[in-house]
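Have a look at the structure below, then the notes.
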Amino acid sequence: MRNLTILDDAVIVIRDGRIAYIGPDRRTGIAITEEFDARRATAIPGFVDSHTHLPWAGFRESEFNRRLQGETYEQIAASGGGIASTVRATRAASEDRLVDNIVERARTMARHGTTTAEAKSGYGLNVDHELKQLRAIRRAGERSPLRLVSTCLAAHEFPPERRDATYVDEIVEHILPAVATEKLATFCDAFVERGVFTREQGQRVLRAGASLGLIPRLHADELSDTDGASLAAELQAASADHLMYVSDRGVAALAASNTVANLLPATSFFLMSPRYAPARALIDAGAIVSLSTDCNPGSSMTESMSMVIQLATLQMKMTVEESLTAATLNGAHSLRLADEVGSIEIGKRADIVLLDAPNYLHLVYHFGVNLVRDVLRDGEFVVRDQRLVYGARAGEARR
Ligand SMILES: [Zn+2]
């Protein structure tokens, strides 16, 4: 993860949306039809944000303000707040409204250098509203500056009106088969946690998803050690996410697996928790570590992967090099897209961020500002001189 290839004065040639050449020599033998001078910018791969909850309605800024004044998350949840309030607002929103919300967030993400993002359902919590969220992700993907990848997280929480195990039957017997039939998701996720889904319930949901072709991911060991990391490794999940309370056993299980340890330090930061995932232990043990925003209205209200990289280095003691690999190639690996995106290599999609900075260290060193000047996705500008240019064409004209 520390082993970056760094080129000075490089030329990148893009053909048909993919990298055709990268190197120091302008005489590539490839006919150049259009040139762009990056004016000494630093080119890095577009960020891959592999854990977000984008399709939601309603913000929770007043709850946040109550937390700032000392109320606990539990007190707020007991008064009808927390995930339940987002479930109410998301159920009340039309599919069109959710599409607009996702596109708006995707535009902000693009301005901060993200070119591929995962997006989860999980605020519908019944067949109709889970499918509505996933259909909204699909439609938003058609007019978003980002490439979106969908995950069904029906096992995010129990529905407020029905906190019993029969909801697990509904997920397995109705929601997941409907998602698979409509091909609405690539992945299936579950929140295994004390007071939410048990290890056995999570396993049942993810095995059912896998039998329908949905690749497992898992919210694991976020608020307590439930041995979630080992479960993720056992199920050959694409990722085990959060891991603030992962045990030594869980670290070893991930290190021995192809399951990516997806760390979300913005969540610890935003919840004002001193507890971050043990990134150093995971990396030093040999686990594949990625970084994501966890963008959601309750516990991590940010679209910025730069912010996440700053927290990864300054709070979790990852190196800048490790953080950059985690925020690009390793996230792509967990989304099963590492052959296509996540690094600037010949043959891959030309997803490139140009930083207004002399080198990549400025991503952390020059913190708290947006250094992203230009963004290309599939070789096309989506952001130019810090302004979104995507959508000036087809997509936005239709709105
Ligand atoms: Zn999450």
Side-chain angles (χ1 to χ4, degrees), residues 1-49 109-116 145-147 291 304-310 312-313 318-333 337-390:
M1 290 175 70
R2 290 185 184 196
N3 195 3
L4 307 184
T5 302
I6 299 161
L7 303 175
D8 287 319
D9 292 327
V11 175
I12 302 173
V13 180
I14 297 168
R15 188 165 51 193
D16 299 331
R18 291 181 184 266
I19 311 287
Y21 169 85
I22 175 162
D25 198 342
R26 295 184 65 81
R27 295 157 304 169
T28 59
I30 303 169
I32 307 292
T33 52
E34 197 184 328
E35 277 201 40
F36 177 75
D37 179 359
R39 311 192 302 280
R40 304 209 60 76
T42 298
I44 60 169
F47 295 129
V48 178
D49 188 348
M109 293 166 96
R111 284 194 287 106
H112 289 81
T114 298
T115 47
T116 300
L146 303 182
R147 186 177 296 104
L291 289 168
S304 169
M305 285 294 282
S306 301
M307 176 79 196
V308 170
I309 287 173
Q310 286 150 19
T313 51
M318 288 170 65
T319 68
V320 185
E321 293 78 8
E322 287 167 344
S323 301
L324 194 51
T325 304
T328 55
L329 188 58
N330 288 1
H333 178 64
L337 288 172
D339 292 337
E340 289 282 307
V341 303
S343 57
I344 306 176
E345 286 182 79
I346 291 174
K348 283 199 178 179
R349 293 176 183 274
D351 289 3
I352 299 169
V353 169
L354 298 177
L355 300 175
D356 198 1
N359 56 60
Y360 68 90
L361 292 174
H362 279 241
L363 264 179
V364 177
Y365 168 66
H366 192 169
F367 70 97
V369 296
N370 186 12
L371 296 174
V372 172
R373 195 187 68 195
D374 309 285
V375 179
L376 294 100
R377 176 192 145 191
D378 290 322
E380 302 279 339
F381 280 100
V382 294
V383 174
R384 199 157 181 169
D385 282 327
Q386 293 199 323
R387 290 168 62 99
L388 206 56
V389 292
Y390 180 91

Mind checking whether Phe47 and Leu324 have side chains closer than 4.5 Å, heavy atoms only?
yes

Quick one, Ile6 with Asn359, criterion side chain to side chain contact (heavy atoms under 4.5 Å, CB included). Give me CA distance, side-chain angles, the key distance, then yes/no.
CA-CA 9 Å; Ile6 299 161; Asn359 56 60; over 6 Å; no

Taking C-beta and beyond as the side chain, do Ile14 and Ile352 meet within less than 4.5 Å on heavy atoms?
yes

Do Leu7 and Ile22 come close enough that some side-chain heavy atom pair is under 4.5 Å?
yes

Indicate the atoms forming the closest heavy-atom contact of Ser323 with Ala312, along with that distance.
OG-CB, 3.7 Å

Could you go step by step and tell me if Val372 and Gln386 meet the side chain to side chain contact (heavy atoms under 4.5 Å, CB included) rule?
CA-CA 7 Å; Val372 172; Gln386 293 199 323; 5.8 Å; no

Using every non-hydrogen atom in the two residues, find where Lys348 and Gly342 come nearest and quote the distance to one decimal.
NZ-C, 4.4 Å

Does the side chain of Leu146 reach to within under 4.5 Å of the side chain of Asp49, using non-hydrogen atoms?
no

Closest heavy-atom pair and its distance - Ala357, Thr42:
O-OG1, 2.6 Å

His366: partners by ring pair (Phe, Tyr, Trp, His ring centres under 6.0 Å), with sequence neighbours left out:
none

Minimal non-hydrogen separation, Arg373 against Ala38, with atom names:
NH2-O, 2.8 Å

Could you tell me if the side chain of Thr328 sits less than 4.5 Å from the side chain of Ser343, heavy atoms only?
no

Yes or no on side chain to side chain contact (heavy atoms under 4.5 Å, CB included) for Ile12 and Ile344, after CA distance, side-chain angles and deciding distance?
CA-CA 9 Å; Ile12 302 173; Ile344 306 176; 4.2 Å; yes

Exceeds 12 heavy-atom contacts within 6.0 angstrom, atom CG of Asp339:
no

Testing the basics here: between Val375 and Ala110, what is the closest heavy-atom pair and its distance to 0.1 Å?
CG2-O, 3.4 Å

Is it the case that over 12 heavy atoms from other parts of the model lie below 6.0 angstrom from the CG atom of Asp9?
no

Strictly below 4.0 Å, N to O, side chains only: are Glu345 and Arg18 in salt-bridge contact?
no

Heavy atoms of Val48 and Gly331 approach each other most closely as CG1-C, 3.7 Å

Starting at CG of Leu388, measure out to CZ of Arg111 and round the result to the nearest 0.5 Å.
6.5 Å

Could you grab the distance from atom OH of Tyr360 to atom CD1 of Ile309, nearest 0.5 Å is fine?
12.0 Å

Neighbour count above 12 (heavy atom, 6.0 Å) for Phe36 CZ:
yes

Salt bridge (Lys or Arg N to Asp or Glu O under 4.0 Å) partners of residues 318-327, not counting sequence neighbours, each pair once
Arg2-Glu322, Arg280-Glu322

Exceeds 12 heavy-atom contacts within 6.0 angstrom, atom CG of Asp25
yes

Go through it in stages, so that I can follow the logic: the residues are Arg147 and Asp351, the test is side chain to side chain contact (heavy atoms under 4.5 Å, CB included), and I'd like the CA-CA distance, side-chain angles, deciding distance and then a yes or no.
CA-CA 10 Å; Arg147 186 177 296 104; Asp351 289 3; 2.6 Å; yes

Presence of salt bridge, Asp356 and Arg40, under 4.0 angstrom:
no

Would you mind checking if Arg39 and Asp374 are paired as a salt bridge, meaning a charged N to carboxylate O distance below 4.0 Å?
no

More than 12 heavy atoms of other groups within 6.0 Å of Tyr21 OH
yes

Does a side-chain heavy-atom distance below 4.5 Å link Ile30 with Arg15?
yes

Spacing of Met305 atom CE and Met109 atom CE [to the nearest 0.5 Å]
8.0 Å

